[in-house]
Amino acid sequence: MGKSTSVVRFAAVGDLHVTKDSAGSLRSFFVQACEHADALLLCGDLTDYGTAEEAHVLAEELGAVSVPVVAVLGNHDYESGLQDTVRQTLMHAGVRVLDGEVCEIEGVGIAGAKGFAGGFGRGSLGAWGEPAIKQFVHEALQEAMKLESALAKLRTPRRIALLHYAPITGTVEGEPMDIFPFLGSSRLEEPLLRYPVDAVFHGHAHRGSVEGKTINGVPVYNVAKPLLLRKYPERPPFRVVELPR
Ligand SMILES: [Fe+2]
Ligand SMILES: [Fe+2]
């Protein structure tokens, strides 16, 4: 598919959960994704255990990609305490890994952050009581602040927010309700109300819903690969979204 003069196409997917045995298994998937898009967006949980070896496997697989790649990390990429190595390895392979930062693809601004858990709406965990609870909530607020400061920097007419955790319940529905608080946080929606974007992408909720909306009507896409595979078994598991140029 050639470049369009009227739209910029983004192919988005999250939760690749690359393991050391994934070598060779993702190249054709990535080639297909970049045939459909001007850029590839990766929504975290790129590796399964966040090891250096897994990051190298992914970096090798991404060698097949001929369009810009923008990513955020997910909780799995932190599992081994080697998130800086994972980030460096991917950046070395040309991936723009955003952690409260921004980048621009063909006039579309992208703000990215991992996000964090904590629950939604009136069920959001508050910073009250034990220090561990306050620390947990502090982490969620920090991630929301990273997103907000990145969004505030964007001056482009079209904007995208890239996350791993969900900012709304709409795209986690389908998961057991007991685990909603671990799948995202409404605190991530607040910056999106102050700095509206054209589309939000996230992953993490493997059994959630593919599409929802923020309070101000911004489309939110859950692009967790296992979810896309289950929902659209006849299609390759990435979501293509077009924004006018
Ligand atoms: Fe995941
Ligand atoms: Fe995750």
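Since the model is a prediction, treat every value here as computed from it, not as a measurement.
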Single-linkage hydrophobic cluster V13~L90, side-chain heavy atoms < 4.5 angstrom
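Result: yes, single cluster for both.
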
Between V197 and I168, is there a shared hydrophobic cluster once you connect ILVMFWY residues whose side-chain heavy atoms come closer than 4.5 Å?
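Same cluster: V197 reaches I168 through Ile, Leu, Val, Met, Phe, Trp or Tyr contacts under 4.5 Å.
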
Results of salt bridge (charged side-chain N to carboxylate O under 4.0 Å, His left out) for R207 - residues two or more places apart only
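By the salt bridge (charged side-chain N to carboxylate O under 4.0 Å, His left out) rule, R207 matches E175.
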
Among residues at least two apart in sequence or on other chains, which ones pass side-chain hydrogen bond (donor to acceptor under 3.5 Å, both in side chains) with E189?
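Applying side-chain hydrogen bond (donor to acceptor under 3.5 Å, both in side chains) to E189 gives none.
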
Taking only residues two or more places apart in sequence or in another chain, which ones pass side-chain hydrogen bond (donor to acceptor under 3.5 Å, both in side chains) with E148?
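E148 satisfies side-chain hydrogen bond (donor to acceptor under 3.5 Å, both in side chains) with R194 only.
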
Backbone of Y49 reached by a side-chain donor or acceptor of S80 within 3.5 Å
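It does hold such a pair.
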
Donor-acceptor check, side chain of S185 to backbone of R187, threshold 3.5 angstrom: yes or no?
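Looks like yes, one N/O pair under 3.5 Å.
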
Sequence neighbours excluded, every pair satisfying salt bridge (Lys or Arg N to Asp or Glu O under 4.0 Å) that has a member inside [range]:
range: residues 128-140; answer: none
range: residues 53-81; answer: none
range: residues 209-229; answer: E211-R239

Could you name each residue pair satisfying ring-ring contact (aromatic ring centres under 6.0 Å, His included) that touches residues 74-112, not counting sequence neighbours?
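Applying ring-ring contact (aromatic ring centres under 6.0 Å, His included) to every pair that reaches into residues 74-112, excluding sequence neighbours, yields H17-H76.
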
Exercise answer: donor-acceptor pairs, residues 158-166 side-chain atoms, under 3.5 Å, sequence neighbours excluded:
unit_1, atom_1, unit_2, atom_2, d
R158, NH1, D198, OD1, 3.0
R159, NE, P196, O, 3.1
R159, NH1, T156, O, 2.8
R159, NH2, P196, O, 3.0
H164, ND1, C43, O, 2.8
H164, NE2, D45, OD1, 3.3
H164, NE2, D45, OD2, 3.3
H164, NE2, N75, OD1, 3.0
H164, NE2, H204, ND1, 3.1

Tabulate below the donor-acceptor pairs under 3.5 Å that side-chain atoms of residues 103-123 make, not counting sequence neighbours, or state none.
unit_1, atom_1, unit_2, atom_2, d
E106, OE1, R245, NH1, 2.6
E106, OE1, R245, NH2, 3.0
E106, OE2, K3, NZ, 2.6

All N/O donor-acceptor pairs, side-chain side in residues 62-73, below 3.5 Å, sequence neighbours left out:
none

CG of N216 to CG of L193: how many Å apart, nearest 0.5 Å?
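It comes to 4.5 Å.
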
Which other residues belong to the hydrophobic cluster containing M145, where Ile, Leu, Val, Met, Phe, Trp and Tyr are joined when side-chain heavy atoms lie under 4.5 Å apart, directly or via other members?
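Cluster partners of M145: none, it stands alone.
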
Test question: given the 4.5 Å side-chain rule for I, L, V, M, F, W and Y, name all other residues clustered with L229, or answer none.
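Cluster partners of L229: none, it stands alone.
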
